[in-house]
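Worksheet: one structure, shown below.
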Amino acid sequence: MKRMKRGYILGALAIGGLLNTVNVMAADGIEVNHLGPTNTLVRVTGDSKYLLLPVQEVFEDDARINILVDGKIEETIYVRLARTKTDYKVPYDLTPYKGKNVVLDIVTNQNRNSVRDAQDDVCWDGMVLADEFDTSNKERTWRPAYHHTPLYGWMNDPNGMFYKDGVWHLYYQKNPYGSKWQNMNWGHSTSTDLIHWEAQPDAIKPNGLGTIFSGSSALDPQNTAGFGEDAVIALFTSAGTSQMQSLAYSNDNGQTFTVYPGNPVITLNSEARDPNMFWNKERGLWNLILAHALEKEMLIFSSPDLKNWTLESSFGKGLGAQEGVWECPDLFELKLPGTNKSKWVLLSNINPGGPFGGSGIQYFIGDFDGKTFKSDTNPDGTVPVKWLDYGKDNYAVVSWSDAPDGRRPVIGWMSNWQYAADVPTMQFRSANTLPREMELFADADGELHVASVPSPELAKMRGKIVSTANNKTIGTTPLNYSLPEDGICEIDVTFKARENELVTLTLSNAQGEKVVMKYDSKNHTMSFDRKESGIVDFSDKFPAVTSSPTFEKDGNINLRIFIDRSSIELFGNNGQFVMTNLVFPTKPYTNLSIESKSGQTSLKTLKIYSLDV
Ligand code: FRU
C-alpha cells in the first residue's frame with residue numbers, strides 16, 4: 001500500500017499552559033490524534049475491508065479500544081498494540097460499517113510520561129487499511145498438518161460442538177486480536193470427516209453481558225425453545241463482571257446466532273460456567289451440567305424449554321481431584337460392553353491439579369436419573385480418581401451432541417494453561433487434539449474405565465507404508481525404522497513383552513532431539529519423556545515425563561502413535577490408555593528405534609504410515 005506520512009500537525013500549543021492534541025496523519029485513510037500520554041483517537045477515513053492492528057506480545061498490558069461507529073460504542077476490544085516492534089498484525093473487520101464513521105478510542109496502559117512518548121509507539125505508523133488479510137501458514141515448522149487450528153490468533157476450549165446433515169461443527173474460544181487469551185468469542189470451523197476443517201466466520205461475539213465463554217449446542221427438533229424445529233441452540237457463559245449463562249439460537253445451521261433477548265437464563269451468586277446441555281429422552285426434558293468452578297463441584301439443572309432452568313442437585317464436593325477449579329463439564333450415557341445396560345460418564349476438566357501439573361481431565365462413572373448423578377465407588381466406598389488422558393496437553397474435553405450411529409466423539413484443546421501462551425508459535429496458538437470416541441471398558445480386574453478410541457475417520461488418512469516389520473525379536477540392540485521425511489505419520493506397532501521387561505521406543509532426528517517412550521511390563525505403565533524433544537525452554541513446566549497405567553496384565557501392547565509437526569498422541573490398546581503431548585522439534589523426527597532390556601520381546605507387527613492430509 002502506498003504510504004503517505006504527513007508528519008505531525010500540532011494544534012495551538014501551550015496556550016495558557018494547556019497543550020492541545022498531537023495529530024499524526026499515518027497510513028492512507030487513517031488519521032491518528034494523540035490526546036494524551038495514554039489516549040489516542042484513530043479515525044478511519046478510507047474505505048477498506050480491514051484495519052490491520054500491529055501487535056507486540058511482550059507487553060502485558062492490552063490497550064482498551066472502544067470502537068465507535070457513528071459516535072456510538074459498537075464494541076470494546078483489548079489489543080497489545082506494538083510499542084517498539086511489531087510481532088504480527090491482526091485484522092479488525094470494517095465491512096459491517098461500510099459508509100459509516102469509524103473511530104477507535106484507544107486507552108493504553110503503559111505509563112508513558114508524555115504524549116511525545118506515546119506517539120513514538122510503532123503501532124500508530126503500522127496501522128494500515130487493507131482489503132486482504134493473509135492467513136497462509138507462517139509457522140513453517142510447527143503448524144499441524146492434520147489437526148484443527150485457528151487461521152490466526154489464540155484458541156482455547158472447544159465449544160458447542162454438534163453434528164447436523166453430515167457436517168461436524170466445532171466452535172472454540174477465540175481471540176481474533178492476538179495470540180494470547182483475551183476478547184473471548186466463539187470461532188467456528190466445519191468438517192465432513194472430523195479431520196479436514198474449514199474456517200467459518202466467527203459465530204458469537206461479545207455483547208453487553210460480557211465476553212463469550214465456553215458452552216454447548218444442541219438441536220431442538222421438538223421446538224421446545226420456540227426458535228424453530230430446525231434451530232440449533234447454544235448455551236454459553238456470559239463473562240462480564242460476573243459469570244451468567246446465556247442462550248443464542250441459529251436458524252441457519254450454526255452459521256450465525258441470534259442472542260436471546262431474555263438473557264441471562266441462569267444467574268447464581270457465585271462463579272459458575274461452561275453450561276453443557278442435552279435432551280434427556282427418558283425424562284422428556286433438558287438437562288444441563290454447569291461447573292461451579294471455585295466450589296469444585298458440578299451443578300445439575302433441568303428445563304422444559306432451555307430458557308427456564310431448575311437446579312436439581314450438585315455433584316462432586318470433596319470428591320475426586322480437588323486441587324484446581326472445575327470447568328467444562330460433560331455428562332453422557334455409554335453402553336456397557338457385552339450387555340444391554342449403560343452407565344453415565346461425567347467429565348470434569350480441572351486446572352491446575354492435572355496428573356502432571358496444570359490442566360487435566362478427570363471423569364466419574366456412575367448413574368444418572370435425570371436429577372442426580374451418583375458416582376460408582378471403590379470397594380471401600382471411596383470415589384476413585386480417574387484421568388482421561390495421561391499426557392500434559394489435553395484439556396477442556398467435551399463431546400459432540402447429536403452425533404450419528406450412537407457415537408460419542410470428543411475433542412480437546414491440545415495445550416495446558418501452564419504454558420499455552422508461551423509455546424513457540426505466534427501466528428496461531430494452539431491446536432485441537434485428534435477426535436476420539438468415548439467407550440467403556442472393563443480392565444483385567446473388572447473395573448470400568450473410559451477409553452478414548454481414535455475416531456474411525458483417522459484410519460482413512462493412512463497413505464504409503466514407509467516401514468514395516470513382522471514377527472521379530474526386539475533385542476537389546478535397537479531395531480531402527482525410518483519415519484517419513486516430514487515426520488508426519490502414524491506408527492502402528494504390536495508387541496508382546498515378558499514379565500519384568502522394559503521396552504523402549506525412541507523417536508529421534510539428526511539434531512539429537514528425541515522422545516523416549518517406555519513400556520514397563522512389571523508395573524504395567526507406559527511413560528513419555530519429552531525433556532530432550534526439541535525446544536523445551538519456554539517454560540520450566542514443559543520438559544516433563546508423563547506416565548500412564550496400561551490397564552492390561554499380560555504384556556500384550558498395541559500402540560497407535562500419531563505424530564504431527566508439534567504433537568504426539570499415543571493411543572494404547574484401542575484407546576484404553578492415552579497420552580497427548582506437545583513437542584517442538586527443530587527438525588522432524590525421522591527415526592524410530594525399539595529395544596528391550598532383556599532382549600526377549602516379540603515384535604508382532606509394525607507399520608509406519610505416511611498420512612495423506
Ligand atoms: C477453561 C476455561 C473455561 C472458560 C474458558 C474461558 O479453559 O477457563 O472455564 O469458559 O476457559 O476462555
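Starting from 1, each residue takes its place in the sequence as its number. One-based numbering, in listed order, for ligands and for the atoms of each.
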Can an N or O of Tyr395 be found at a distance shorter than 3.5 Å from an N or O of ligand 1? no

Atoms of ligand 1 less than 4.0 Å from Asp157 heavy atoms? 1 (C), 2 (C), 3 (C), 4 (C), 5 (C), 7 (O), 11 (O)

For Met184, take its heavy atoms, then give the atoms of ligand 1 lying under 4.0 Å from any of them. 12 (O)

Would you kindly specify which portion of Trp181 sits under 4.0 Å from ligand 1, judged on non-hydrogen atoms: side chain, backbone, both or neither? side chain

Charged N to carboxylate O below 4.0 Å: is that the case for Asp389 and Arg436? yes

Can you name the atoms of ligand 1, numbered from 1 with element, that are less than 4.0 Å from a heavy atom of Gln173? 5 (C), 6 (C), 12 (O)

What is the nearest protein non-hydrogen atom to atom 4 (C) of ligand 1, stated with its residue, atom name and distance? Asp274 OD1, 3.5 Å

Determine, using ring centers only, whether Phe315 and Phe368 are less than 6.0 Å apart. no

Taking everything shown except Lys317 itself, do over 12 heavy atoms lie less than 6.0 Å from its NZ? yes

Under 4.0 Å from any heavy atom of Asn156, which atoms of ligand 1 are there? 5 (C), 6 (C), 7 (O), 11 (O), 12 (O)

So which protein heavy atom does atom 8 (O) of ligand 1 come closest to, and at what separation? Glu327 OE2, 2.8 Å

What I want to find out is whether Arg80 reaches Asp87 closely enough, with some N-O distance under 4.0 Å, to be called a salt bridge. no

Give the atoms of ligand 1, by number and element, whose distance to some non-hydrogen atom of Arg273 is under 4.0 Å. 3 (C), 4 (C), 9 (O), 10 (O)

Salt-bridge criterion met for Lys531 and Asp529 (N-O under 4.0 Å): yes

Which atoms of ligand 1 have any heavy atom of Ser214 under 4.0 Å away? 5 (C), 10 (O)

Charged N-O contact under 4.0 Å between Lys180 and Asp62: no

Polar contacts were defined as any N/O atom of the residue lying under 3.5 Å from an N/O atom of the ligand; does this apply to Trp417 and ligand 1? yes

Between Lys49 and Asp93, is there a salt bridge with N-O shorter than 4.0 Å? no

Does atom NZ of Lys138 have more than 12 heavy-atom neighbours, drawn from other residues, nucleotides or ligands, at distances under 6.0 Å? yes

